[in-house]
Amino acid sequence: MANNDIPSLVAGPAGARRLVEDIAVSKIREVGNAGMGMDDIIALWYGEPDQPTPEFICQAAADSLARGETFYTENFGITPLREAIADYMTGLYQRPVEVERIAVTASGMSATNLMQQVLTDPGDNIIVTAPIWPNLIEAVRIMGGEPRFAWLRFGNQGWNLDLEALFAMVDGRTRAILINSPSNPTGWVMSHEDLQTVLDFCRQRGIWLLSDEVYARMTYEVPIAPSLIDLAEPEDRVVVVNSFSKSWCMTGWRLGWLTAPVSLMPTLEKMIEFHYSCPAHFSQVAGITAVRDGEEFVRETVARYRQARDLVIDRLQQMPRIRVHRPAGAFYAFFAVDGMTDSLAMCKDVLHQTKVGLAPGAAFGSEGEGYIRLCFASTLERLEVAMDRLEKVFS
Ligand SMILES: Cc1ncc(COP(=O)(O)O)c(C=O)c1O
């Protein structure tokens with residue numbers, strides 16, 4: 001085969017890999033950029049809590065810096081953090097999680113990229129539950145892989161996944177099924193039964209199951225989202241991705257972790273070295289405090305988001321052009337707008353008319369078109385004002 005027949009070897013106009021040059025800019029960012037420099041914006045476009053990291057976590061990082069902990073650490077992260085995470089997970093779930101299975105990563109996003117680097121060859125495909133956060137899709141494309149979308153459907157009972165349709169997409173080039181539950185953007189939470197069915201299918205077919213559980217703690221109907229940690233055996237081909245970003249308001253610290261089979265760890269260790277080598281030491285020290293002492297903070301935060309969710313959904317449901325379901329998890333309202341055919345144009349329009357920043361549904365895959373995402377991780381006061389402004393557009 002000539003080099004030109006291999007897509008990843010053909011350069012684009014800027015001389016970079018064509019495949020990478022062809023990747024579109026995130027449509028969420030596009031709306032964000034349109035709002036640059038505008039005053040009085042209520043920004044509900046990004047998936048980010050509106051409050052800074054709590055003081056007790058910041059203090060742990062400040063103490064770490066004062067001790068001079070500014071050097072490289074082990075690829076998998078410092079042992080006290082890996083132990084703290086293993087303890088935390090063992091406390092939350094029904095199975096003990098061994099420290100040997102934990103790799104601390106420089107964010108949930110790094111964990112995802114790492115797993116795509118480890119699993120996906122050009123031409124392989126990954127089946128993803130969708131609508132889905134665009135970064136998870138692009139991580140597949142960057143490797144020359146093909147994301148295949150198993151679409152959640154919006155009905156009277158909320159969002160629903162057709163597992164048979166998902167299984168029908170699997171072929172000889174499928175490397176993994178990627179589930180994101182609780183889901184960004186829909187707030188859908190997969191049941192234990194469905195997780196078990198997918199796990200059984202993956203075992204039978206010998207494919208990997210990647211589970212993005214970064215919103216595991218952000219649940220409103222049950223204390224914690226059903227997890228593959230509860231169901232999988234330690235040597236199953238299952239990798240669970242978590243993050244400090246959402247539960248402890250630590251988006252800027254770039255800290256996450258993954259739980260993987262022990263047999264994969266030497267490969268991961270090698271890949272972490274060549275990827276980002278290790279997360280920042282002082283971020284890791286802050287992470288220890290977060291998982292050890294952060295339970296009360298997580299409980300209070302979820303209670304606050306539950307109120308925010310109810311306020312936003314109650315108000316949206318009164319707007320005639322909008323159809324929306326009360327999400328069971330994560331911190332987004334993902335609503336359908338009657339008659340809307342271009343969610344990106346609509347979000348830019350809403351921004352200019354109301355100064356409320358929203359994310360276009362089209363950013364989350366083609367069938368996200370027709371929807372808009374609103375992040376309700378904000379104060380009730382700000383959300384009330386946002387709803388007053390949106391009412392004028394959507395009534
Ligand atoms: C589903 C999902 N996975 C992963 C992440 C990444 O989180 P992190 O900040 O740890 O990279 C996000 C962030 O929005 C997300 O929504």
Side-chain angles (χ1 to χ4, degrees), residues 26-29 31-32 43-53 57 77 81 85 102-116 126 128-140 142 147 149-150 152 159 176-190 210-219 225 227-228 239-259 272 275-276 279-280 283-284 286-287 290-291 294 305 327-334 357-359 361 363-365 368 373-378:
S26 159
K27 291 187 173 71
I28 310 173
R29 272 282 168 199
V31 185
L44 308 177
W45 37 38
Y46 301 134
E48 184 157 66
D50 70 341
Q51 60 175 323
T53 309
I57 296 177
L81 176 55
I85 291 172
I102 305 290
V104 181
T105 57
S107 76
M109 194 57 227
S110 303
T112 288
N113 272 317
L114 190 68
M115 285 315 302
Q116 292 306 329
I126 307 286
V128 298
T129 55
I132 189 163
W133 188 49
N135 299 30
L136 302 181
I137 305 167
E138 302 310 348
V140 176
I142 287 167
F149 298 85
L152 293 157
W159 293 90
I177 294 174
L178 191 166
I179 292 168
N180 169 221
S181 164
S183 141
N184 173 8
T186 61
W188 163 76
V189 177
M190 200 175 198
L210 304 179
S211 187
D212 179 321
E213 301 187 7
V214 309
Y215 296 98
R217 306 301 306 274
M218 307 283 115
T219 53
S227 169
L228 279 157
V239 173
V240 175
V241 171
N242 289 95
S243 169
F244 286 81
S245 289
K246 317 291 173 175
S247 307
W248 297 281
C249 295
M250 292 176 71
T251 52
W253 297 74
R254 313 315 295 135
L255 197 64
W257 74 92
L258 54 76
T259 310
I272 290 171
H275 187 32
Y276 54 84
S283 282
Q284 296 187 54
V291 290
Y305 292 166
F331 45 47
Y332 307 102
F334 196 59
L358 301 172
F364 304 91
R373 188 191 75 175
L374 177 156
C375 173
F376 56 71
S378 186

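Both ligands and their constituent atoms are indexed starting at 1 by order of listing.
Numbered from 1 in the order shown, with element, the atoms of ligand 1 that lie under 4.0 Å from a heavy atom of V214 read 2 (C), 3 (N), 4 (C), 15 (C). Atoms of ligand 1 lying under 4.0 Å from at least one heavy atom of R254, given by number and element, are 8 (P), 9 (O), 11 (O). Taking every non-hydrogen atom of G108 and a distance limit under 4.0 Å, the qualifying atoms of ligand 1 come out as 8 (P), 10 (O), 11 (O). The contact set between ligand 1 and S107, taken as ligand atoms under 4.0 Å from a residue heavy atom, comprises 10 (O), 11 (O).
Contact annotation: the side chain of N113 never approaches that of E138 to less than 4.5 Å [non-hydrogen atoms, C-beta and beyond]. Side-chain contact between L210 and Q116 is present, with heavy atoms from C-beta onward closer than 4.5 Å. Considering only heavy atoms from C-beta on, L358 stays 4.5 Å or farther from R373 through its side chain. Side-chain contact between I179 and E213 is absent, with no heavy-atom pair separated by less than 4.5 Å. Side-chain contact between T53 and W248 is absent, with no heavy-atom pair separated by less than 4.5 Å.
Residue-level proximity to ligand 1 for S245 is carried by the side chain, the only part with a heavy atom below 4.0 angstrom. Residue contacts with ligand 1, taken as heavy atom pairs separated by less than 4.0 Å, involve Y215 solely via side-chain atoms from C-beta onward.
Taking the six-membered ring for Trp and the full ring otherwise, the centers of Y305 and Y332 sit at least 6.0 Å from each other.
Figure legend: R29 and Y46 shown as a cation-pi pair, the cationic atom lying under 6.0 angstrom from the six-membered ring centre and within 45 degrees of its axis.
Among all non-hydrogen protein atoms, the one lying nearest atom 5 (C) of ligand 1 is W133 CZ3, 3.3 Å. Annotation: atom 7 (O) of ligand 1 to nearest protein heavy atom, S243 OG, 4.0 Å. The nearest heavy-atom contact from the protein to atom 13 (C) of ligand 1 is K246 NZ, 2.9 Å.
For ligand 1, the polar-atom distance check finds no N/O of N180 at less than 3.5 Å from any of the ligand's N/O atoms. Between M109 and ligand 1, at least one N/O pair is under 3.5 Å apart. For L136, no nitrogen or oxygen atom sits less than 3.5 Å from a nitrogen or oxygen atom of ligand 1, counting backbone and side chain alike.
In this structure, D212 is part of the shell of residues with a heavy atom less than 4.0 angstrom from ligand 1. Judged by the shortest distance from any of its heavy atoms, Y46 lies outside the 4.0 Å radius around the atoms of ligand 1.
Judged purely by distance below 3.5 Å, without hydrogens or angles, the side chains of W159 and S183 never pair a donor atom with an acceptor atom.
In this structure, CG in N180 is found 6.0 Å from CG in L136, a value given to the nearest 0.5 Å.
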